[in-house]
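Note that the structure is predicted; figures quoted are calculated from it, not measured.
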Amino acid sequence: MNFICDEASAGIRLDVFLSEQADLTRSAAQKLIESEAVTVCGKAASKNYKLRLGDEISLVLPEASPLEAEAEDIPLDILYEDADCIVVNKPQGLVVHPAPGHDGGTLVNALLHHAKGQLSAINGVIRPGIVHRIDKDTSGVLVVAKTNEAHLSLAEQIKEHSVTREYLCLAYGRFREDCFTVDKPLSRHPKDRKKIAVSPDGRNAVTHVTVLRQFSDCALLACRLETGRTHQIRVHLSSLGHPVVGDPVYGVKNDRLAKKFHLHGQLLHAAVLGFLHPKTGEPVTCSAPLPPHFQAVLDVLEQQA
């Protein structure tokens with residue numbers, strides 16, 4: 001895969017540029033650079049090399065390597081599958097990939113068992129096949145790459161904002177507008193690195209919101225992502241004074257609905273995912289119904305309305 005450094009990218013470190021352009025983790029980008037799978041103008045470069053206008057960056061896809069994450073026989077709700085990709089409906093509570101504190105029992109462990117190890121190797125041995133993520137306590141549609149070529153195609157579509165990602169959520173408060181857009185840049189919280197915060201110096205983040213049903217003190221929302229930053233919907237809505245019901249990080253302190261329904265996380269569901277097939281170019285759209293715990297809350301609110 002080849003890139004040309006433009007004016008906007010001039011001065012950026014090579015590892016940062018590669019992580020953004022190919023949707024890699026910074027560590028994965030650095031490993032590719034260290035293994036000389038990346039060249040700048042035909043020559044190997046260090047990870048902290050600062051790009052210059054017109055630099056030609058070339059990425060050679062790695063061969064699949066033995067995976068460190070172990071395959072586990074965990075049930076999957078598969079919405080679509082072929083030789084290039086898998087689309088799954090992730091349940092609430094399932095972690096996407098192994099991390100400190102979650103060595104097993106993740107979506108990756110389940111995928112390794114289901115796909116018999118045939119997943120893209122671009123994001124390393126801990127996150128094989130993972131092109132994008134949704135939070136542990138967010139449910140819904142997620143696409144996984146089986147091949148390196150599919151991974152790069154899907155990552156490019158996400159980077160260009162051409163992937164359709166629509167979420168449903170229940171948020172507190174009454175809304176004055178039926179449709180609105182939240183355009184607020186996001187970055188790591190200055191004091192709590194596990195959190196995200198609105199920041200004028202952050203990365204561009206845009207969420208388009210439609211109010212589907214207004215209840216007495218909360219509403220069912222459809223949120224379409226233009227960008228896909230970490231915790232984007234949760235932070236954007238919280239910044240407006242409309243936190244997502246059940247959100248343990250950005251939500252209200254005395255969450256009456258979370259207590260009433262014994263919720264174990266935010267009522268946020270990735271309902272629709274649409275993309276162009278990485279090989280054929282044909283449109284693929286997958287949807288997942290609301291999970292039972294989410295639907296149960298809506299049913300009660302409808303009865304009370």
Side-chain angles (χ1 to χ4, degrees), residues 1-69 84-85 96-99 108 118-133 143-163 185-188 193 196 199-206 225-230 232 275-279 281:
M1 194 170 187
N2 298 312
F3 309 93
I4 300 293
C5 177
D6 57 18
E7 292 183 5
S9 299
I12 293 178
R13 282 170 49 124
L14 178 59
D15 57 345
V16 174
F17 175 86
L18 194 62
S19 66
E20 293 178 349
Q21 295 297 317
D23 194 39
L24 303 170
T25 62
R26 182 81 71 85
S27 60
Q30 291 173 352
K31 288 179 181 178
L32 288 171
I33 294 168
E34 290 169 0
S35 65
E36 298 188 358
V38 180
T39 58
V40 178
C41 298
K43 298 180 180 179
S46 65
K47 63 184 180 183
N48 56 5
Y49 171 80
K50 291 187 177 180
L51 294 173
R52 301 172 182 173
L53 182 63
D55 275 351
E56 297 181 7
I57 302 94
S58 178
L59 164 64
V60 178
L61 297 177
E63 294 293 331
S65 58
L67 299 171
E68 293 181 2
D84 300 286
C85 55
V96 171
H97 60 79
V108 160
Q118 298 302 308
L119 299 170
S120 83
I122 287 179
N123 255 340
V125 297
I126 295 299
R127 304 202 310 173
I130 301 303
V131 182
H132 67 119
R133 291 166 287 172
V143 63
V144 176
K146 283 187 171 183
T147 68
N148 290 340
E149 292 75 14
H151 188 124
L152 289 177
S153 172
L154 292 167
E156 182 66 16
Q157 292 181 55
I158 291 173
K159 173 179 173 292
E160 294 178 349
H161 312 314
S162 61
V163 173
L186 302 176
S187 65
R188 288 288 171 185
R193 303 300 293 176
I196 303 297
S199 169
D201 299 322
R203 300 177 70 186
N204 177 48
V206 181
L225 293 180
E226 184 172 314
T227 57
R229 309 305 180 199
T230 301
Q232 178 173 315
F275 56 91
L276 296 181
H277 191 277
K279 181 171 288 185

Nearest 0.5 Å please: distance from the [atom1] atom of [X] over to the [atom2] atom of [Y].
X	Y	atom1	atom2	answer
Leu154	Ile122	CG	CD1	10.0 Å
Glu156	Ser162	CD	OG	8.0 Å
Ile33	Leu14	CD1	CG	4.0 Å
Asn148	Ser120	CG	OG	5.5 Å
Ile57	Ser9	CD1	OG	7.5 Å
Arg188	Arg203	CZ	CZ	10.5 Å

Over all atoms of both residues, closest heavy-atom pair of [X] and [Y]:
X	Y	result
Thr230	Leu186	O-CD1, 4.4 Å
Leu18	Phe3	CD1-CE1, 4.2 Å
Val143	Cys85	CG2-CB, 4.2 Å
Asp6	Leu53	C-CD1, 3.5 Å
Ala45	Val40	CB-CG2, 3.9 Å
Cys5	Leu51	SG-CB, 3.7 Å

Handout entry: Between Ser46 and Asn48, a side-chain donor and acceptor under 3.5 Å
Key = yes
Non-neighbouring partners of [X] that pass side chain to side chain donor-acceptor pair (under 3.5 Å), sequence neighbours left out:
X	value
Thr147	none
Lys50	none
Asn2	Ser58

Exercise for the section: Decide yes or no for Lys146 and Asp84: does some side-chain heavy atom of the first lie under 4.5 Å from some side-chain heavy atom of the second? Expected result: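 SC-SC contact between Lys146 and Asp84 ruled out.
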Exercise for the section: Check for a donor-acceptor pair, side chain of Ser153 on one end and backbone N or O of Glu149 on the other, with a separation under 3.5 Å. Expected result: no
Practice task
Just jot down the side chain to side chain contact (heavy atoms under 4.5 Å, CB included) partners of Thr227, sequence neighbours excluded, or say none.
Solution key: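 So Thr227 forms a side chain to side chain contact (heavy atoms under 4.5 Å, CB included) with His161, Asn204, Ala205, Arg229, Gln232.
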Exercise for the section: Name all residues meeting the ring pair (Phe, Tyr, Trp, His ring centres under 6.0 Å) criterion together with Tyr49; count only those two or more places apart in sequence or in a different chain, and write none if there are none. Expected result: none
Problem - Summary of side chain to side chain donor-acceptor pair (under 3.5 Å) pairs that have at least one residue in residues 34-43, sequence neighbours excluded - result: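 Listed once each, the pairs would be none.
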